Structure formats: structure tokens, C-alpha cells
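Shown next, in C-alpha cells, is the structure this report addresses.
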Amino acid sequence: MKKINWPDGKAFAFTVFDDTDVATLDNVQPVYELLAECGLRTTKSVWPLPASQYTDCNGTTCADRDYLSWLLQLKKDGFEIGYHMATCHTSDRDNTTYALDRFEELFGNSPKAMANHSSCRENMYWGSARIGGIRRFIYNLATRFRFSGRFRGHIENDPLF
């Protein structure tokens, strides 16, 4: 088995990827102040683009100047900024491309970490597309086929590809 060489000779690594759903300055800034006080650095996910429709998990996006300013300070303080899709709802390929470009403009680099947002239909290999064969059938049966064909980010020529 290949040994992983962790920084500073450490024996393991632990990481936290913060899901930005419902995040606001009021409810997450105190958490990050505590993390920084404790010497911990995590990944804070963001939505580069503002929402153009309501969802049940609207959080603050990079379109909010105060929130963006705080995110940029987090990055300076050693926190990683990750991508959580273009915004809090489904985005077509043009908006996704724009969001990735916007992320790079705002943070000076392409995202190094990304997590799908569960309701975004442009997610790649999500829902029943994550598995195949009999497992896909069982998953679809267990979810009453609610997610069958819903996620389309991996389907070439689809507007969400």
C-alpha cells in the first residue's frame, strides 16, 4: 500500500467542506471566527451567481458585496473557497460556464474543490445515475422513481451538460 505523505510529517488529515445552503453572514461568520481562533482551516463553499428564483435553501451568494468581502478575507486567512454549483438552483451550461469564470475572477483561481448542490439538475452522475444495474433499479424503486433521469450534467448535448 502506498503511504501518503501529509504536510509537516502528520499521520493523517481531517477536512470539513462547509455546505453553503442557507448561509448568511449572521449565521456562519461566528463559526468561522471560532474555527480561526482554534487554528482550524476548512473549505467554505460558495455560489458565485445570485439566485434568479426562490428555493428552500436560499443562502447568500457572491453577488452580495459584504458577503464577498468576508469570503475574500477568509481566503486571505487560509480558508479554502470551494464551488457549490453556479447558484442555489439549476443552471444551464452558459450560466455554469459563467459561474466558473466568475469564481476565478473573484478568487483568483479555478475551484479546487466542488460539491454538487442536491437540487441542481446539472449535477453529473447524481441521483440514479451514480449507480448501475440492479442497484439503479433498487434505488429508483426506493425513491419511487422521483430522481430517475432528473440529473443531466453528464448527458452530452443536453442543455445542462
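The residues of the chain are indexed from 1 along the displayed sequence. Keep in mind that this is a model prediction, so the values were computed, not measured.
- If you take OG on S128 and CD1 on I138, they are separated by 13.0 Å, rounding to the nearest 0.5 Å.
- A donor-acceptor pair under 3.5 Å is formed between the side chain of R41 and the backbone N or O of D77.
- N140 places no side-chain N or O within 3.5 Å of a backbone atom of F137 that could act as its donor or acceptor partner.
- Counting non-hydrogen atoms of other residues, nucleotides and ligands closer than 6.0 Å to CZ of F161 gives a total above 12.
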Q: Go through L74 and K76 one step at a time and tell me if the side chain to side chain contact (heavy atoms under 4.5 Å, CB included) criterion holds.
A: CA-CA 5 Å; L74 276 184; K76 281 183 187 173; over 6 Å; no
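- Under the 4.5 Å side-chain heavy-atom criterion for Ile, Leu, Val, Met, Phe, Trp and Tyr, V31 and Y67 are members of the same hydrophobic cluster.
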Q: Start with the C-alpha gap between T97 and D94, add the side-chain angles, then the distance that decides, and say whether side-chain hydrogen bond (donor to acceptor under 3.5 Å, both in side chains) holds.
A: CA-CA 5 Å; T97 300; D94 288 341; 5.6 Å; no
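- No donor-acceptor distance shorter than 3.5 angstrom exists from the side chain of R152 to the backbone of L160, with no hydrogens or angles considered.
- Counting non-hydrogen atoms of neighbouring residues, nucleotides and ligands closer than 6.0 angstrom, the CZ atom of R135 reaches no more than 12 such neighbours.
- Across all their heavy atoms, S119 and C88 have their closest contact at OG-O, 3.8 Å.
- At distances below 3.5 Å, not a single donor-acceptor pair connects side-chain atoms of T20 with backbone N or O atoms of A23.
- Between T90 atom OG1 and H117 atom NE2 the span is 8.5 Å, to the nearest 0.5 Å.
- Two residues are said to be in side-chain contact when any heavy atoms from C-beta on lie closer than 4.5 Å; L106 and L68 meet this criterion.
- By the 6.0 Å contact criterion, CZ on F145 is enclosed, its count of non-hydrogen atoms from other residues, nucleotides or ligands being greater than 12.
- In terms of modelled atom types and a separation under 3.5 Å, the side chain of D8 and the main chain of K10 share no donor-acceptor contact.
- Cluster membership check: F17 does not share its hydrophobic cluster with M85, using side-chain heavy-atom separations under 4.5 Å among Ile, Leu, Val, Met, Phe, Trp and Tyr.
- Under the 4.5 Å side-chain heavy-atom criterion for ILVMFWY residues, no single connected hydrophobic cluster contains both L72 and W47.
- Within the model, atoms NE2 of H84 and CG of D19 stand 3.5 Å from one another, a figure rounded to the nearest 0.5 Å.
- Between A13 and W6, the closest heavy-atom pair is CB-CZ3, 3.3 Å.
- Centroid-to-centroid, the aromatic rings of W126 and H154 stay 6.0 Å apart or farther.
- A chain of hydrophobic side-chain contacts below 4.5 Å, direct or via other Ile, Leu, Val, Met, Phe, Trp or Tyr residues, connects I134 to L141.
- Proximity of T61 to L49: side-chain heavy atoms (C-beta onward) are nowhere separated by under 4.5 Å.
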**Q.** Derivation of the side chain to side chain contact (heavy atoms under 4.5 Å, CB included) call for T60 and L25
**A.** CA-CA 8 Å; T60 309; L25 275 176; over 6 Å; no
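- Atom CG of N123 sits about 3.5 Å away from atom CG of N116, to the nearest 0.5 Å.
- Under the 3.5 Å distance criterion, the side-chain polar atoms of E122 are left unmatched by any main-chain donor or acceptor of G153.
- In this structure, F12 is a member of the same hydrophobic cluster as V16, with clusters built from ILVMFWY side-chain heavy atoms closer than 4.5 Å.
- Separating the NE2 atom in H89 from the CG atom in N95 is a distance of 8.0 Å, to the nearest 0.5 Å.
- Side chain to side chain, D18 and Y32 meet the donor-acceptor criterion of an N or O pair below 3.5 Å.
- Among the candidates S110, S45, P48, the single residue satisfying the side-chain contact (heavy atoms from CB on, under 4.5 Å) test with Y83 is P48.
- The two residues A86 and T96 make their nearest non-hydrogen contact at CB-CA, 4.2 Å.
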**Q.** Trace of the side chain to side chain contact (heavy atoms under 4.5 Å, CB included) decision for Q73 with F79
**A.** CA-CA 9 Å; Q73 185 59 52; F79 289 87; over 6 Å; no
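- Rounded to the nearest 0.5 angstrom, I81 CD1 and T43 OG1 are separated by 8.5 Å.
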**Q.** CA sep, side-chain torsions, deciding dist, call: E80, K44, side chain to side chain contact (heavy atoms under 4.5 Å, CB included)
**A.** CA-CA 6 Å; E80 178 181 43; K44 170 72 184 97; over 6 Å; no
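- In this structure, R130 contributes its side chain and Y125 its backbone to no donor-acceptor pair below 3.5 Å.
- Within a 6.0 Å radius of OH in Y98, other residues, nucleotides and ligands contribute 12 heavy atoms or fewer.
- One side chain, K75 or N109, offers a donor N or O that lies under 3.5 Å from an acceptor on the other.
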